[in-house]
Amino acid sequence: MQAYIDQLIQQGYFAGAPKETVYAVAMVLIALIVLSVFVAPLAGVTSWLERRVCARMQSRVGPNRVGPQGFLQWIADGIKNLLKEDLIPAAADAKLFSLAPYVVFMGFLCTFVVIPFGSQLIVADLNVGILYILAVTSLVVVGILMAGWASNNKWSLLGGMRSAAQIVSYEIPAGISVLTIIFLAGTLSMQGIIKAQGWGPWDWFLFHNPFTFAAFFLYFTAALAEGNRTPFDIPEAESELVAGYVTEYSGMRFLFFFFAEWGNLYVIGAVATTLFLGGWQVPPVLAPSNPTLLAVAEFVVFFIKAYLWVFVAMWVRATLPRVRVDQLMALCWKYMVPLSFLCLMGTIGFMFVPKDIQRIVSAAMFGLGVALLIIFFLRVGFQIRQAKPELYFKPHI
């Protein structure tokens, strides 16, 4: 994006304006476009898709009345929350109570500044991009603590304290798993990490060695826990805490918390795609020569890779029960933290292995991944044959 703006400046489009001002205004405008055109619809559509996917996996129907296949349900929910009364409990700390959902939303939204949708489709390619993401997402725990404390409700306070313990704990294995890739790429830049990989799966960091393969699953699990996703949704835990830290919220303030949760699913997938799956890289044979078409192709490749893991997160939510709080903390500190350190040290050691052996191991890991996919799809085919499902093409089913 900076190269494109530099080109416009050279052509005389912003004559007389300081270059720094042009950069600042362009970044703000791009950020607003990303928010209004991409982030908001994405979170809304994801909320509808999750309910439909979970319903199908659990032999239910899900929302199916507002629009074809219930697709307009997310718009109806948004309008409903806009029109609902915004209540603040009399005994609550009104200022903190009002501010908390926006702090949570800001922590989620700021991550899109450095997410590389393509080689040129990025708001700001910071040289500390991945560190920036780890930093701004920490705002979420601050907002949730504010919500729990300011509500003056014991269930909200317990939910906020649970969330703080959960997010702070799982940031450790997630950060260490990310560090394994930083060592391999030699950069903190999101674009630099992508360029350190190839377009083919055999050149992705996911299959670089057994330790990065394990680090990917450690990162994804820790990211789900940080996002308060089932089976790690104990801060909300309606069976224990009514609704946790959002118990006292209504209207749009209530929606902002879940807006951030649904949008955060894509952020999790986008970071995983950047670190482990080669990002936006398009096969050279299929890459269009036209810069605009190339940008579209890169965006489509990146989006599909990232949204695949959004679907996996929905799948996990639809199939696994909520864990207890002691099980959650034990999983992190007894297993995931030691395993993430093992992956880090193993990756560092693997970097000193001769290049020929590294290529052999990478090929073997890629073969293992292909074998696992084949076994998975054979099992899915078996289950489909046993279930004998029927396809419905009616608009409301």
Side-chain angles (χ1 to χ4, degrees), residues 31-32 34-52 54 62-67 70-112 136-137 139-164 167 227-230 233-267 317:
L32 289 175
V34 170
L35 171 62
S36 58
V37 178
F38 182 76
V39 178
L42 177 70
V45 172
T46 299
S47 71
W48 164 79
L49 185 63
E50 179 169 35
R51 285 180 283 179
R52 291 289 288 182
C54 290
N64 67 338
R65 286 293 180 268
V66 187
F71 178 73
L72 300 180
Q73 183 65 52
W74 64 278
I75 298 178
D77 290 340
I79 295 173
K80 177 187 73 174
N81 280 281
L82 279 170
L83 299 178
K84 287 181 71 174
E85 185 177 4
D86 182 18
L87 298 175
I88 299 179
D93 186 325
K95 291 183 179 178
L96 289 181
F97 184 88
S98 302
L99 183 61
Y102 304 113
V103 173
V104 171
F105 186 75
M106 185 65 67
F108 141 73
L109 182 62
C110 287
T111 58
F112 283 87
V136 297
T137 51
L139 288 174
V140 174
V141 68
V142 176
I144 291 177
L145 271 176
M146 288 170 61
W149 173 262
S151 295
N152 195 30
N153 177 302
K154 61 182 179 180
W155 308 120
S156 299
L157 179 61
L158 286 172
M161 296 302 293
R162 281 183 176 189
S163 182
I167 294 176
N228 294 330
R229 293 285 304 179
T230 306
D233 61 336
I234 62 168
E236 300 162 26
E238 68 277 359
S239 59
E240 309 162 40
L241 303 182
V242 186
Y245 58 91
V246 294
T247 299
E248 300 291 352
Y249 282 89
S250 62
M252 281 303 295
R253 297 188 202 277
F254 175 85
L255 185 61
F256 267 120
F257 285 106
F258 292 96
F259 200 132
E261 178 179 322
W262 288 315
N264 190 53
L265 287 179
Y266 184 79
V267 174
R317 179 174 185 174

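Every value quoted in this text rests on a predicted model; they were computed, and no experiment measured them.
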#### Entry: Qualifying residues under side chain to side chain contact (heavy atoms under 4.5 Å, CB included), relative to V136, sequence neighbours excluded
C110, T111, Y132

### Task
Using side chain to side chain contact (heavy atoms under 4.5 Å, CB included) as the criterion, list what pairs up with L157, not counting sequence neighbours.
W149, M161

### Query
Of the non-hydrogen atoms in F259 and A43, which two are nearest, and what is the gap between them?
CE2-CB, 3.4 Å

### Query
To the nearest 0.5 Å, how far apart are CG in N264 and CZ in R229?
9.0 Å

#### Entry: Positive for ring pair (Phe, Tyr, Trp, His ring centres under 6.0 Å) with Y249, one of F258, F257, F254
F257

### Task
To the nearest 0.5 angstrom, please state how far the CD1 atom of I88 sits from the OG atom of S250.
8.5 Å

### Task
Apply side-chain contact (heavy atoms from CB on, under 4.5 Å) to the pair I167 and I144, showing each step before the final yes or no.
CA-CA 10 Å; I167 294 176; I144 291 177; 4.2 Å; yes

Atom pairs and distances, donor-acceptor, side-chain atoms in residues 95-109, under 3.5 Å, two or more places apart:
unit_1 : atom_1 : unit_2 : atom_2 : d
S98    : OG     : A94    : O      : 2.8
Y102   : OH     : R253   : NH1    : 3.3

### Qualifying residues under side-chain hydrogen bond (donor to acceptor under 3.5 Å, both in side chains), relative to R317, sequence neighbours excluded
E50

Which atom pairs, one a donor and one an acceptor, fall under 3.5 Å between side chains of residues 72-80 and the rest of the protein, sequence neighbours left out?
unit_1 : atom_1 : unit_2 : atom_2 : d
Q73    : NE2    : D77    : OD1    : 3.0
W74    : NE1    : F71    : O      : 3.1
D77    : OD2    : R51    : NH1    : 3.1
D77    : OD2    : R51    : NH2    : 2.8

### Query
Given D93 and M146, is the side-chain contact (heavy atoms from CB on, under 4.5 Å) satisfied, shown in steps?
CA-CA 9 Å; D93 186 325; M146 288 170 61; over 6 Å; no

### Task
Could you pull out all residues at least two apart from T137 that satisfy side-chain hydrogen bond (donor to acceptor under 3.5 Å, both in side chains)?
none

### Summary
d(Y245 OH, N153 CG) to nearest 0.5 Å is 14.0 Å

### Task
Return the minimal non-hydrogen interatomic distance between E248 and S156, and the atom names on each side.
CG-OG, 4.2 Å

### Task
Kindly give the heavy-atom pair with the smallest separation between T46 and L42, and that separation in Å.
OG1-O, 2.7 Å

